[in-house]
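Okay, structure first, notes after.
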Amino acid sequence: MSVVARLSANVRRQGEGLDLALPYLLLAPAVLFAFAVLVYPIWDGIRASTMSYRYGKAVGWVGFDNYTRLWSDPQFLNALWVTVSFVALAVAFETVLGLALALFCANEFRGVRLLRGILIIPMVITPVVVAIVFRLIYASDAGMLTVVSQSLGGGPVEILGHPARAFLGLVALDVWEWTPLEFLILLAGIQSLPVEPFEAARVDGASPWRVLLDHTLPMLKPVLAIAIVLRTIDAFGTFDQVFVLTRGGPGEATKLLSIYGYDTAFKFQDTGYAAALFVTMGLLILAAALAAVRIMKGMTPP
Amino acid sequence: MTYRGKYLRTLSRRKLLQSAAGLAAATALPLGLTGTPARAAGGKLIIGAFADGGLTPFKEKIIPLAKAEGFDIQFLEDEYGVTLEKWFVDAQNKAGQYDLYLLDDPWVPQFGAADVLEDLGAAGIDSADTDWIGPLIDMGFWPPRKGPRIKAFQDATPKLVTVPFVGDLQTLTYRNDIYGKTAPATWDELIAKGKEGVAAGKIKYPVVFRGVTGNPIVTSWYPVFLAFGGEFFDDKWKVTFNSDKGKAAADFFVSTMKQNGPPGVVEFDSDQEGAAILGGDAGAIIQYSGNAIKSDDPKQTKVAGKLDFGIVPKVEKAIAQLGIFIAGVPKSAPNKANAVAFLKWYTSKATQAKLSEAGSIPVKRSAFEVANPGNRLIPIALKQLDAGAVPRPRTPDWGKVEELLGIELNKALQAGSGGGAALDLAAASVTAYLTKQGYY
């Protein structure tokens, strides 16, 4: 091989090597960052869930004992039931209300822009502040509901001391705060629908109710599914509002998985068991999301 | 010679190692090897506390005195519900965000068992000083000097890991226009005269307490339980709170006290019970000093001059629950020497006298005898200490035990009956939990 040929071969090899490595080098910082903030914490959580902790320190490997313990723990089963009930009820109300508001605000009328702006205000308020405000509304001694009731000649209104009312009070708080998110997503969905089918239906003399059932909802199904999935995932992790409003009481009526897990980890320092609880909770949310995505795929028009 | 060459020649590897070793020794000696840390320059001290009225005199009167003594104090307050976890994580991860924690005393076993606090006895705090109130200094040790110990610490030597800071305990606050100048001696008297006060339109209900699940309801129930003669555990950690006496106390609490308390008491926490007594609605309350010391301040109460203090009412005994603020120095404290120096100054006879004059309950007996205590509560607190006051059981699992008991008591309170059955349920849960933790 001539000197020139050898040199050019060398140059090509160097170029090929750099070309090969460059994308990885450029991606490396992002991959490392993702590993540090996403993969490692998940891995560490899973590792912790297989350990037994005592006095804040890991004392031994227990395999899947923490996971099996969950299913015989009445407090966990209660928290799971409360969480699923809370998510189902809150998301259902939020979706129906959000849809109604989106349908109303999709029309153009005087002041609609202002109304849309006002409607999303609850969503941007810090959850802790919302919870404090609702506590001031619900408190049986000096809360707003009690004051109103007493001014009308009634007695104190007890919300937070009664299991069913406290639970529904928590749902009401969540509905007030997060209906705007559903509203926003669904409004965007409605505004992106083609106008022709609706004009055709109007020409054919279809009632608004039939237009809603036969055109709006079928075409809006994918957006609805996205809204429901997002809210479901988010509602599963609800913590701040319960922490401030009820701390899980009265009794265990509002003890969500997040609160039980937090207490187990930080108050009772049963770190391994709490990790198993949160991993299980993560898997449940993942399963719910995957099921929703599957349903959503089935609904998407071809 | 270049600057670099001169530098390299001057700072040889050996010299560098010698300097580093010297610096390390100079830092370590005052902290660890000499036992008594010297105060670091500047006197910087970061104190962590949970928000509570019981610390108001300390904040308002003692911190300025400490500053005059050369301590540069940063006082960081948090809501009660988050401090335990926040400080435990700080201590365990050696984050070094605080020099001194002002703990609630039931947390001492958790921090002690995790071995994250300095041995203050070794650092020079004298626990043998006879001026300490005995039960209070006992609470500073881990493992406990008296009473049952958990298995893992059965043979360990007790160390003074915390130092009593404010000698808080439960006492009775009552309306003198309902009960007269003498505190009601029994629970029956408290309820009966309270009803007369309601009938006369002076108050809305005889008694107020905390009903929120977990720590609040157990704290309110505990003095009633002690009054009935109940005992929580035996010396082998066997649950005994569901004895006949315990059940009688629980039934009295969830039925009689509920009927004579405010509507909605199930959701009452310290802010609401404080508002009820200071607002003039309630006739009596068992409480810690946080709200009690506000009783004479017309800005904070509608019934100034009508509130007096007494020892807790009895059925069999008049025993209160101790719930003191207790100070611990994390091993990761950045200004450890300052923290120890501060504690020595704070627990001195002279500073304790100032604390008493400021209106806070001291931790040394001599300070109860000052000529002008800053609050009428202080002599009553000493009376209660002498009549009987006990801490909660010294176990790192107290938080979980309190949670399990609190849930059942709260459910019974909602129903207004079934206190005894609630204790049986709680006893079964607590026994199962402690069995799993290796207590038996």
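Below, read A as the first sequence line, B as the second, and so on, with proteins coming before strands; counting in each chain starts at 1.
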With a 4.5 angstrom heavy-atom cut-off, is it the side chain or the backbone of [X] that approaches chain A, or both, or neither?
X        : answer
B:Pro263 : both
B:Gln272 : both
B:Phe111 : neither
B:Asp271 : side chain
B:Val265 : neither
B:Lys86  : neither
B:Ile217 : neither

Residues [X] and [Y]: side-chain donor-acceptor under 3.5 angstrom:
X        : Y        : value
A:Tyr260 : A:Asp73  : yes
A:Gln269 : B:Gln110 : yes
A:Glu158 : A:Ser140 : no
A:Tyr67  : A:Thr280 : no

Is A:Lys255 salt-bridged to B:Glu403, going by a charged N under 4.0 Å from an acidic O?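 A salt bridge links A:Lys255 with B:Glu403.
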So is A:Arg69 actually on top of A:Tyr273's ring, under 6.0 Å and inside 45° of the axis?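 Cation-pi check for A:Arg69 and A:Tyr273: passes.
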Would you check if the distance from the ring center of A:Phe167 to the ring center of A:Trp81 is below 6.0 Å?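 No, they do not, as the ring centres are separated by 6.0 Å or more.
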Atom group of A:Pro156 that falls short of 4.5 Å from chain B, counting heavy atoms: side chain
Contact leader toward chain A among B:Val212, B:Asp115, B:Leu84, B:Asp397, where contacts are heavy-atom pairs under 4.5 Å: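 Option with the top pair count is B:Asp397.
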If you count heavy-atom pairs under 4.5 Å with chain A, which of B:Ile407, B:Thr213, B:Val266 comes out on top?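 Highest number of heavy-atom pairs under 4.5 Å: B:Ile407.
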